[in-house]
Amino acid sequence: MAENTSVVSNFIQNEINDDLKNGYYPEGVHTRFPPEPNGYLHIGHAKSICLNFGLAKNNGGICNLRFDDTNPVKEDVEYVDSIQEDIKWLGFSWDDRMFFASDYFGKLYDYAVELIKKGLAYVDDLTAEEIRSYRGTLTEPGKESPYRNRSVEENLELFQKMKAGEFGDGEKVLRAKIDMSAPNIVMRDPVIYRIAHVSHHRTGDEWCIYPMYDFAHPLSDAIEEITHSVCTLEFEDHRPFYDWLLEALGFKVGARPRQIEFARLNLTNTVTSKRKLRQLVEEGYVSGWDDPRMPTISGLRRRGYTPNSLRTFCEEIGVAKANSLVDVAMLEHCVRDDLNKNADRIMAVLHPLKVVITNYPEGQKEFMVADNNPNTSAHRYVPFSRELYIEQEDFMEDAPKKFFRLKPEGEVRLKHGYIIKCEEVIKDEAGNVVELHCTYDPESKTGGATANRKVKGTIHWVSAEDAIEAEVRLYDYLIETDENGEVPADFLAAVNKQSLEVVEHALIEPSASFTAVGTHYQFLRTGYFVVDKDTTSEKLVFNRVVGLKDSWAKAKKG
RNA sequence: AGGGGUAUCGCCAAGUUGGUAAGGCACUGGAUUCUGAAUCCAGCAUUCGUAGGUUCGAGUCCUGCUACCCCUGCCA
């Protein structure tokens with residue numbers, strides 16, 4: 001679990017403090033994360049997960065996992081497992097408190113009956129279209145249904161028959177009886193139960209009536225003795241009904257859950273709506289829900305984001321009620337920060353250029369001591385030989401003055417190795433540089449007489465005969481956004497066609513040959529990478545999590 | 001006859017009883033460096049959507065205005 005030393009205050013915590021000060025919720029803070037099992041979790045859910053579990057933890061309380069499965073036509077068990085896996089992976093535990101709103105269907109039914117008995121709910125025969133037109137508009141009040149004043153007895157009987165399956169889908173609904181002229185449309189007699197002869201992924205065919213979110217959610221919260229029911233801003237208009245329902249059923253302020261809304265996460269270069277994500281998958285823009293370019297938790301995981309980096313991110317962006325758009329650079333900063341501390345370094349050449357050290361004895365090999373991470377003493381041995389590969393980018397024939405790497409007649413340090421000098425540039429007929437002949441300074445290795453000689457640059461390399469091949473997948477933003485970071489309405493037109501670049505034959509130093517899927521590395525000077533699940537015994541596959549910050553690239557542009 | 005929200009640096013975001021604008025990201029210098037990374041140090045809102053008002057003093061209180069977001073599913 002992350003140790004977040006800086007507990008950033010947020011308005012929800014302030015509300016909790018006030019409640020506690022008022023003597024409310026003596027049992028302690030109790031939150032819940034309530035996903036609907038109808039899709040994969042994404043970075044926006046991560047914010048909610050961190051918030052709900054975090055609020056509980058920071059206040060010595062607990063957080064439940066509750067599947068909000070009140071609409072069987074949309075939901076499926078398929079998602080239940082992936083959701084649990086994602087939450088656990090993020091580092092949170094609901095212990096033995098995994099619930100389903102469907103667990104409460106019986107109790108919910110009883111509450112509905114109680115509401116009817118209090119004259120606060122009625123069975124309506126209006127069709128869906130009629131209900132819509134009776135509802136009025138944003139600026140005009142609605143009008144009452146002709147069935148609104150049925151007797152309690154009749155309502156009770158009808159509702160019982162609804163439950164018994166005596167009516168078809170859509171024939172009748174149960175509605176709360178509030179106020180058809182309320183300025184808040186949610187309060188214009190909201191539907192609380194509908195008929196759907198559909199089997200539910202958990203309750204099967206036990207029920208043919210299902211409660212609506214507005215009815216089920218507050219009561220599920222109350223049943224679980226949730227104290228703070230945190231949700232997103234679009235539910236703000238529903239809060240009056242949340243409170244109305246609980247009040248009507250006898251739950252008192254200070255002892256009943258309270259809904260608090262916060263602004264959902266928006267990220268530049270990212271889409272998070274379920275519809276859009278589904279479209280990306282179904283129309284083949286990506287390879288699946290866990291494509292490393294997807295903002296799903298499973299995509300981020302495969303991309304190489306760490307749980308810790310995601311938690312830190314959620315902590316750092318804060319929680320507020322203002323709609324905002326967070327720069328994806330913030331997310332990237334969080335993984336870099338984590339991986340900088342924790343990932344071992346290795347050398348990998350993505351676009352190889354052969355280098356022959358002409359004064360290095362043929363057939364000779366030595367093993368250079370290389371630290372795995374500058375912050376630790378762990379090290380490995382990297383083979384060095386007469387023929388090497390360096391990065392094509394690290395050589396330039398007509399180099400500008402500020403270019404600190406290899407150039408004709410120039411010197412560079414080979415990381416963990418010797419200082420070499422470029423003596424000759426070999427080209428093919430087309431004039432492309434295909435090989436470099438260099439000489440090395442035998443005393444320039446660590447501990448050698450000239451080891452402290454200053455050379456401008458240090459570059460990475462691999463030994464030609466020892467390097468192993470790997471496939472390396474380089475990712476860029478899936479969605480291109482405008483200068484404000486906004487995703488255009490036609491987001492499919494903004495899909496970045498170059499968001500995946502596959503380097504088929506990268507060369508990696510041999511120490512990485514037996515590495516497990518999910519292992520992180522920093523490829524020295526190029527970025528952070530993770531071993532992808534497509535790796536086989538024949539072929540290593542790496543995903544680039546994120547590049548290193550690159551002030552040289554920046555300088556070139558400017 | 002509409003209702004509900006939100007406005008503090010390029011981006012997030014603290015700022016609870018009015019007392020003289022935290023922090024992070026990004027960016028810019030400079031130091032350091034066998035990763036042009038990391039690290040370090042420095043800089044980065046005389047101003048809090050806007051116009052007034054109250055006050056010795058207002059981001060915080062009052063009034064008016066403006067902009068943006070959400071709401072008319074038997075979705076959540």
Side-chain angles (χ1 to χ4, degrees), chain A residues 6 8-11 14 17-18 34-36 38 68 70-71 73-75 124 126-128 131-133 135-142 169-170 172-175 181-188 191-196 210 212-214 216-217 231-240 261 263 268 274 315-327 329-334 336-337 340-341 345 347 374-375 402-405 412-417 419 444-446 451-452 454-460 484-485 522-527 547-555:
Chain A
S6 59
V8 182
S9 122
N10 66 59
F11 77 99
N14 294 344
N17 293 154
D18 290 347
E36 183 186 16
N38 73 341
D68 217 332
T70 55
N71 186 1
V73 319
K74 288 190 161 185
E75 295 146 8
D124 197 351
L126 254 29
T127 64
I131 286 179
R132 193 177 313 129
S133 73
R135 189 150 34 219
T137 68
L138 294 177
T139 52
E140 296 163 299
D169 291 1
K172 287 182 166 45
V173 291
L174 183 70
R175 294 230 251 168
S181 62
N184 179 354
I185 289 177
V186 173
M187 299 300 270
R188 319 237 262 230
V191 172
I192 57 180
Y193 260 95
R194 78 280 221 179
I195 299 171
Y210 294 96
M212 300 288 288
Y213 168 88
D214 279 337
H217 206 90
C231 64
T232 43
L233 250 31
E234 66 271 26
F235 291 102
E236 209 151 19
D237 291 338
H238 298 240
R239 193 171 65 225
E261 314 83 12
T268 60
K274 277 178 186 165
E315 191 68 36
E316 289 191 355
I317 56 176
V319 184
K321 294 192 69 161
N323 293 102
S324 61
L325 180 59
V326 176
D327 194 332
M330 185 91 90
L331 216 207
E332 295 173 345
H333 161 260
C334 292
R336 283 198 190 99
D337 192 49
N340 174 47
K341 291 174 190 134
R345 268 115 249 235
M347 293 194 284
N375 309 320
K402 289 289 209 40
F403 187 80
F404 303 158
R405 313 176 191 181
V412 277
R413 162 137 247 145
L414 293 176
K415 177 75 179 174
H416 306 308
I419 292 171
S444 59
K445 182 165 83 159
T446 302
N452 295 325
K454 291 289 176 202
V455 280
K456 283 247 174 56
T458 299
I459 64 175
H460 57 95
N484 297 319
Q522 183 196 107
F523 287 1
L524 228 48
R525 302 207 310 132
T526 93
L548 254 33
K549 288 183 67 172
D550 188 349
S551 57
W552 169 241
K554 210 171 288 173

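Here is the naming used below: chain letters follow the sequence lines, and residue numbers restart at 1 for every chain. In this text the structure is predicted, and so the values were computed from the model without any measurement.
- The number of heavy-atom neighbours closer than 6.0 Å to NZ of A:Lys456, taken from other residues, nucleotides and ligands shown, is 12 or below.
- The side chain of A:Arg135 lies closest to B:rC74 when the candidates are B:rC74, B:rA76, B:rU6.
- For B:rC27, the paired base is B:rG43 (Watson-Crick or G-U wobble, both distances below 3.5 Å).
- One atom, CG of A:Asn323, and another, P of B:rU8, lie 12 Å apart when rounded to the nearest Å.
- Here the nucleotide nearest the side chain of A:Leu524, chosen from B:rC75, B:rU35, B:rC34, is B:rU35.
- Across all strands shown, B:rA1 has no partner, as no Watson-Crick or G-U wobble contact with both distances under 3.5 Å is found.
- Rounding to whole angstrom units, CZ of residue A:Arg188 and P of B:rC71 are separated by 15 Å.
- Within 4.0 Å of A:Glu236, counting heavy atoms only, lie sugar-phosphate atoms of the nucleic acid but no base atom.
- The phosphate of B:rA37 (OP1 or OP2) has no side-chain N or O of A:Lys415 nearer than 4.0 angstrom.
- Separating the C1' atom of B:rC9 from that of B:rA22 is a span of 13 Å, rounded to the nearest Å.
- A 3.5 Å limit on both hydrogen-bonding distances identifies no Watson-Crick or G-U partner for B:rU20.
- Both distances falling under 3.5 Å, in either a Watson-Crick or a G-U wobble arrangement, occur for no nucleotide opposite B:rC34.
- When each of B:rA37, B:rA38, B:rC71 is scored by its nearest atom to the side-chain atoms of A:Asn340, the top-ranked nucleotide is B:rA38.
- A sub-4.0 Å separation between OP1 or OP2 of B:rC27 and a side-chain N or O of A:Lys554 is present.
- Using P as the reference atom, B:rG64 and B:rG23 are 36 Å apart when rounded to the nearest Å.
- Of the listed nucleotides (B:rG24, B:rU35, B:rC74), B:rC74 has the atom at the smallest distance from the side chain of A:Val173.
- When heavy atoms are screened at a 4.0 angstrom cut-off, A:His238 is found touching base atoms of the nucleic acid.
- Nucleotides B:rU60 and B:rC44 place their C1' atoms 25 Å apart, quoted to the nearest Å.
- Rounding to the nearest 0.5 Å gives a distance of 11.5 Å between CD1 of A:Ile459 and CZ of A:Arg413.
- An anti base is found at B:rG24: its glycosidic angle is more than 90° from 0.
- Nucleotide B:rU54: unpaired (no Watson-Crick or G-U wobble partner with both distances less than 3.5 Å).
- Nucleotides B:rU46 and B:rG3 place their C1' atoms 40 Å apart, quoted to the nearest Å.
- Atom NZ of A:Lys445 and atom CD1 of A:Ile419 lie 13.5 Å apart (nearest 0.5 Å).
- Separating the P atom of B:rC41 from that of B:rC25 is a span of 13 Å, rounded to the nearest Å.
- Counting non-hydrogen atoms under 4.0 angstrom, A:Thr70 reaches the backbone sugars and phosphates but no base.
- Remark on RNA chain B: of its neighbouring residues A:Lys321 and A:Thr139, the 5'-side contact belongs to A:Thr139, judged by nearest-heavy-atom nucleotide.
- Rounded to whole Å, the P atom of B:rG53 lies 25 Å from the corresponding atom of B:rA7.
- As rounded to whole Å, 14 Å separates atom C1' of B:rC27 from atom CE of A:Met330.
- Distances were taken from every side-chain heavy atom of A:Asn71 (C-beta onward) to each of B:rC12, B:rU6, B:rC75; the shortest belongs to B:rC75.
- Ranking B:rG5, B:rC34, B:rC11 by closeness to the A:Asp327 side chain, first place goes to B:rC11.
- Residue A:Ser324 places no side-chain atom within donor-acceptor reach of the base of B:rC12, judged by atom type and a 3.5 Å distance cut-off alone.
- Following rounding to the nearest Å, A:Phe235 (CZ) and B:rG5 (P) show an atom-to-atom distance of 16 Å.
- Checking B:rU6 for Watson-Crick or G-U wobble geometry (two distances, each under 3.5 Å) identifies B:rA67 as its partner.
- Computed from coordinates, the A:Arg132 CZ to B:rG73 P distance equals 6 Å when rounded to whole Å.
- Under 4.0 angstrom from either OP1 or OP2 of B:rG15 there lies at least one side-chain N or O belonging to A:Ser9.
- Applying the 4.0 Å criterion to OP1 and OP2 of B:rC34, one finds that A:Lys454 has a side-chain N or O inside that range.
- For the pair A:Leu138 CG and B:rC70 C1', the computed distance is 11 Å after rounding to whole Å.
- When the nucleotides B:rU72, B:rA26, B:rC74 are ranked by their closest atom to the side chain of A:Ile185, B:rU72 comes out on top.
- Taking a centre distance below 5.5 Å and an interplanar angle below 30 degrees as the stacking criterion, A:Trp552 stacks against the six-membered base ring of B:rG36.
- A:Asp550 places its CG atom 10 Å from the P atom of B:rA38, with the value rounded to the nearest Å.
- Distance noted for atom C1' between B:rG59 and B:rA13: 14 Å (whole Å).
- Here the CG-CG distance, from A:Asp237 to A:Asn184, works out to 5.0 Å after rounding to the nearest 0.5 Å.
- The local environment of CG in A:Asn484 is crowded, with over 12 non-hydrogen atoms from other residues, nucleotides or ligands closer than 6.0 Å.
- Partner assigned to B:rC75 is none, using Watson-Crick or G-U wobble distances below 3.5 angstrom.
- For A:Glu75, the side-chain atoms get nearest to B:rA76 when compared with the rest of B:rG15, B:rC74, B:rA76.
- When rounded to the nearest whole Å, the span between CZ of A:Arg194 and C1' of B:rG73 equals 9 Å.
- B:rU66 and B:rU55 are spaced 26 Å apart, taking the C1' atom of each and rounding to whole Å.
- A salt bridge links A:Lys341 to A:Asp337: at least one charged side-chain nitrogen sits closer than 4.0 Å to a carboxylate oxygen.
- Within the nucleic acid shown, A:Glu332 has no heavy atom closer than 4.0 Å to any nucleic acid atom.
- Residue A:Thr137 comes nearest to A:Arg188 through the heavy atom pair O-NH2, 2.6 Å, listed as atom of the first residue, atom of the second, then distance.
- The residue A:Lys445 sits close to a base: some heavy atom pair falls under 4.0 Å.
- Across all their heavy atoms, A:Tyr193 and A:Met212 have their closest contact at N-CG, 4.1 Å.
- Residue contacts shown for A:Lys549 are limited to sugar-phosphate atoms, with no base heavy atom under 4.0 Å away.
- With respect to the salt-bridge test (charged N to carboxylate O, under 4.0 angstrom), the residues A:Glu36 and A:Lys74 do not qualify.
- Closest contact between the side chain of A:Asp237 and the listed nucleotides B:rG36, B:rU72, B:rG3 involves B:rG3.
- Closest to the A:Thr458 side chain, of the nucleotides B:rU35, B:rC74, B:rA1, is B:rU35.
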